[in-house]
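Presented below is the structure to which this report refers.
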Amino acid sequence: MNVIVTGAAGYIGGQTVLALSAAGYRVIGVDRHMPSMSIRWAMDDFLVSDFAETNCLHLIARAQPVAIVHCAGTSLVGPSILDPSTYYENNFVKTKYMLDYLVENKLTDIKLIFSSSAAVYGEPVMLPCSEEDPPMPISPYGESKLMVEFMLQAYHHAYNLKYTAFRYFNACGADPEARHGQAPGATHIIARILESVRDNREFVLNGTDFDTADGTCIRDYVHVEDLAQAHVLAVQQDVIGIFNLGTDQGHSNKEIIDMAKSVTDREVAVSTGPRRAGDPAQLTASPARWSDDTGWKPQFTLRDIVQHAWTWYTQ
Ligand SMILES: NC(=O)c1ccc[n+]([C@@H]2O[C@H](COP(=O)([O-])OP(=O)(O)OC[C@H]3O[C@@H](n4cnc5c(N)ncnc54)[C@H](O)[C@@H]3O)[C@@H](O)[C@H]2O)c1
């Protein structure tokens, strides 16, 4: 029971490697970078390669995996606006090479599990976001993810390709056993706050004038291990389609700061900065479609998320 994980050295891919290995799969990782030893041990094989390179595509044919968990991608909104070509190429064009290889080699029984993003919604029309809402991305990053979703649906209808696309909301936290977490300097708010506390630096809170109860942005935080377990279910179950992975609960940036104070038992030095371009006031998602189909339920609270991340940053 082979499973290939692209982006296996990354944050979500690495956690998914640990979860798939614990579930008994033979995991083959692919990434442009070497993974840390704390996740490498969970892989039966690892290829340092671009996922669209011929050697990686041939590996798919040789390994005949039951699924490819496709986490490899470039994922920052701001840089995608400055350099859209890289984002369309790495996220969309290269994924098309891989899908075409599956189709041309009659490998469409291999399920493709794709890391999409909440960024496909852009400014949400209604909250919580539902998969029925019209996607309206406002960055090349979000567009590149939506383009892959369109392609997956079309290839499913035309070539019977099996797929699950996950729209992750804010992935956060770290492995509960502290084996894996975010790389240093990650842009996510929990990472930025905790690294600031650890390094005695000031944390810059962007935007305090949003139309929310405390004036700061509200986001849906989902523990990376809950995401990893959703991927295991996607490998195990014959569920096709596009699914939100959120928790249906929002937390404001100020709540995150308060939780960081409580977990670390330290003060958080905060200065305020302007809003970041393209930041909606609120973004939360109903995961009902995925939960109803597979029984998935997020297990971890915001306190767990911050606690696990703090352990990761300070171990
Ligand atoms: N972290 C989040 O909150 C979040 C939210 C929504 C969607 N996503 C998506 O989930 C996926 C994983 O995110 P992450 O946070 O783990 O990112 P990450 O940057 O930690 O990991 C991505 C990994 O993919 C690898 N990679 C990129 N392009 C590659 C290529 N062409 N060939 C081989 N390897 C390649 C990178 O080396 C990296 O190790 C990404 O596609 C991202 O867009 C992440």
Side-chain angles (χ1 to χ4, degrees), residues 4-19 28-36 39-40 43 46-57 59-60 68-80 86-98 112-121 129 135 137 139-149 164-175 180-192 219-228 230-231 242-247 283 285 305 309 312:
I4 292 180
V5 179
T6 72
Y11 175 49
I12 298 169
Q15 194 66 35
T16 302
V17 164
L18 293 172
I28 303 170
V30 176
D31 201 295
R32 296 195 284 213
H33 303 299
M34 282 300 289
S36 66
I39 47 173
R40 174 65 185 88
M43 296 180 226
F46 181 79
L47 179 67
V48 184
S49 170
D50 194 296
F51 71 84
E53 289 290 333
T54 314
N55 55 348
C56 178
L57 299 177
L59 171 72
I60 298 172
I68 300 170
V69 178
H70 183 33
C71 292
T74 11
S75 53
L76 297 177
V77 170
S80 82
T86 302
Y87 277 72
Y88 292 130
E89 172 73 17
N90 201 41
N91 291 349
F92 173 68
V93 177
K94 288 183 184 176
T95 302
K96 179 175 180 298
Y97 289 152
M98 186 165 66
L112 201 290
I113 300 164
F114 173 62
S115 296
S116 187
S117 169
V120 300
Y121 287 109
C129 297
S139 68
Y141 167 62
E143 286 165 0
S144 70
K145 294 290 183 183
L146 184 59
M147 287 155 75
V148 175
E149 288 187 4
T164 299
F166 285 132
R167 294 175 175 169
Y168 309 144
F169 281 67
N170 283 45
C172 51
D175 176 51
H180 181 60
Q182 284 193 300
T187 56
H188 301 75
I189 184 167
I190 295 177
R192 282 167 47 223
R219 294 288 178 272
D220 191 333
Y221 294 91
V222 54
H223 195 294
V224 68
E225 172 61 11
D226 283 324
L227 294 182
H231 291 77
I242 296 171
F243 301 91
N244 287 337
L245 287 185
T247 66
L283 202 53
I305 287 168
W312 169 249

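Here, residue 1 is the first one in the sequence, and each next residue gets the next number. Counting convention: from 1, in listed order, for ligands and their atoms alike.
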* To do: Check the pair Leu18 / Gln15 against side chain to side chain contact (heavy atoms under 4.5 Å, CB included), numbers first and verdict last.
  => CA-CA 5 Å; Leu18 293 172; Gln15 194 66 35; 4.2 Å; yes

* Can you tell me which residue and heavy atom of the protein come closest to atom 34 (N) of ligand 1, and the distance to 0.1 Å? -> Arg32 N, 3.3 Å

* Structure fact -> Looking only at protein heavy atoms, what sits closest to atom 28 (N) of ligand 1 is Asn90 ND2, 2.9 Å

* To do: Apply side chain to side chain contact (heavy atoms under 4.5 Å, CB included) to Phe114 and Ile242, showing your working.
  => CA-CA 9 Å; Phe114 173 62; Ile242 296 171; over 6 Å; no

* Of all heavy-atom pairs between Ser139 and Val77, which one has the smallest distance, and what is that distance? -> CB-CG1, 3.8 Å

* Between Tyr141 and ligand 1, find which residue part has any heavy-atom pair under 4.0 Å and reply side chain, backbone, both or neither. => side chain

* So among Val48, Asn55, Leu59, which one has a side-chain contact (heavy atoms from CB on, under 4.5 Å) with Val30? -> Leu59

* Structure fact -> dist Lys145:NZ -> Tyr121:OH (nearest 0.5 Å) comes out at 14.5 Å

* Consider ligand 1: state whether an atom of it lies below 4.0 angstrom from any non-hydrogen atom of Thr6. => no

* Going by heavy atoms in the side chains, are Cys129 and Leu283 under 4.5 Å from each other? -> yes

* Asked: Distance from Asp31 atom CG to Asp50 atom CG, nearest 0.5 Å?
  -> 9.5 Å

* Asked: For ligand 1, does Ala52 get within less than 4.0 Å through its side chain, its backbone, both, or neither, judged by non-hydrogen atoms?
  -> neither

* **Minimum-distance protein heavy atom relative to atom 32 (N) of ligand 1** => Phe51 N, 3.0 Å

* To do: Using the six-membered ring wherever Trp is involved, compare the ring planes of Tyr11 and His188 and label them parallel, tilted or perpendicular (cut-offs 30° and 60°).
  => tilted

* To do: Would you check whether Asp50 reaches within less than 4.0 Å of ligand 1, judged by its heavy atoms?
  => yes

* Could you give the distance from CZ (Arg32) to CG (Leu47), rounded to the nearest 0.5 Å? -> 13.5 Å

* Kindly identify the option in Ser115, Gly73, Ser116, Ala8 whose heavy atom sits closest to atom 22 (C) of ligand 1. => Gly73

* To do: Kindly compute the distance separating CG (Asn244) from CZ (Phe169), expressed to the nearest 0.5 Å.
  => 4.5 Å

* To do: Can you measure from CD1 (Ile68) to SG (Cys56) and round to the nearest 0.5 angstrom?
  => 7.5 Å

* Structure fact -> One finds that the ligand 1 atoms under 4.0 Å from a non-hydrogen atom of His188 are 1 (N), 2 (C), 3 (O)

* Heavy-atom contact under 4.0 Å between Cys172 and ligand 1? -> no

* Asked: Nearest to atom 42 (C) of ligand 1, what protein heavy atom do you find, and at what distance?
  -> Ser75 CB, 3.5 Å

* **Crowding at OH, Tyr88 (>12 non-hydrogen neighbours, <6.0 Å)** => yes

* Asked: Of all the non-hydrogen atoms in the protein, which one sits nearest to atom 35 (C) of ligand 1, and at what distance?
  -> Ala72 CB, 3.6 Å

* Select one of side chain, backbone, both or neither to describe which atoms of Asn91 lie under 4.0 Å from any atom of ligand 1, heavy atoms only. => neither

* What's the shortest distance from atom 12 (C) of ligand 1 to any protein heavy atom, and which residue and atom give it? -> Cys71 O, 3.3 Å

* Asked: With a 4.0 Å cut-off on heavy atoms, is Ala183 touching ligand 1?
  -> no

* To do: Measure centre to centre between the rings of His231 and Tyr168, then say whether the value is under 6.0 Å.
  => yes

* Please identify which atoms of ligand 1 are closer than 4.0 Å to at least one heavy atom of Phe169. => 3 (O), 5 (C)

* For ligand 1, which atoms, with element, lie under 4.0 Å from some heavy atom of Ala9? -> 39 (O)

* **ligand 1-proximal atoms of Arg167, by part, heavy-atom distance under 4.0 Å** => neither

* At a 4.0 Å threshold, what atoms of ligand 1 neighbour a non-hydrogen atom of Lys145? -> 40 (C), 41 (O), 42 (C), 43 (O)

* Which protein heavy atom lies closest to atom 21 (O) of ligand 1, and at what distance to 0.1 Å? -> Gly10 CA, 3.4 Å

* **Minimum-distance protein heavy atom relative to atom 13 (O) of ligand 1** => Ile12 CD1, 3.8 Å

* Given Asp31, Val77, Thr74, Leu47, which one has a non-hydrogen atom that is nearest to atom 37 (O) of ligand 1? -> Asp31

* Asked: For ligand 1, which atoms sit closer than 4.0 Å to a heavy atom of Ser49?
  -> 32 (N), 33 (C)

* To do: Fit a plane to each ring of Phe243 and Phe166, take the angle between them on a 0 to 90° scale, and name the class: parallel (under 30°), tilted (30 to 60°) or perpendicular (over 60°).
  => tilted

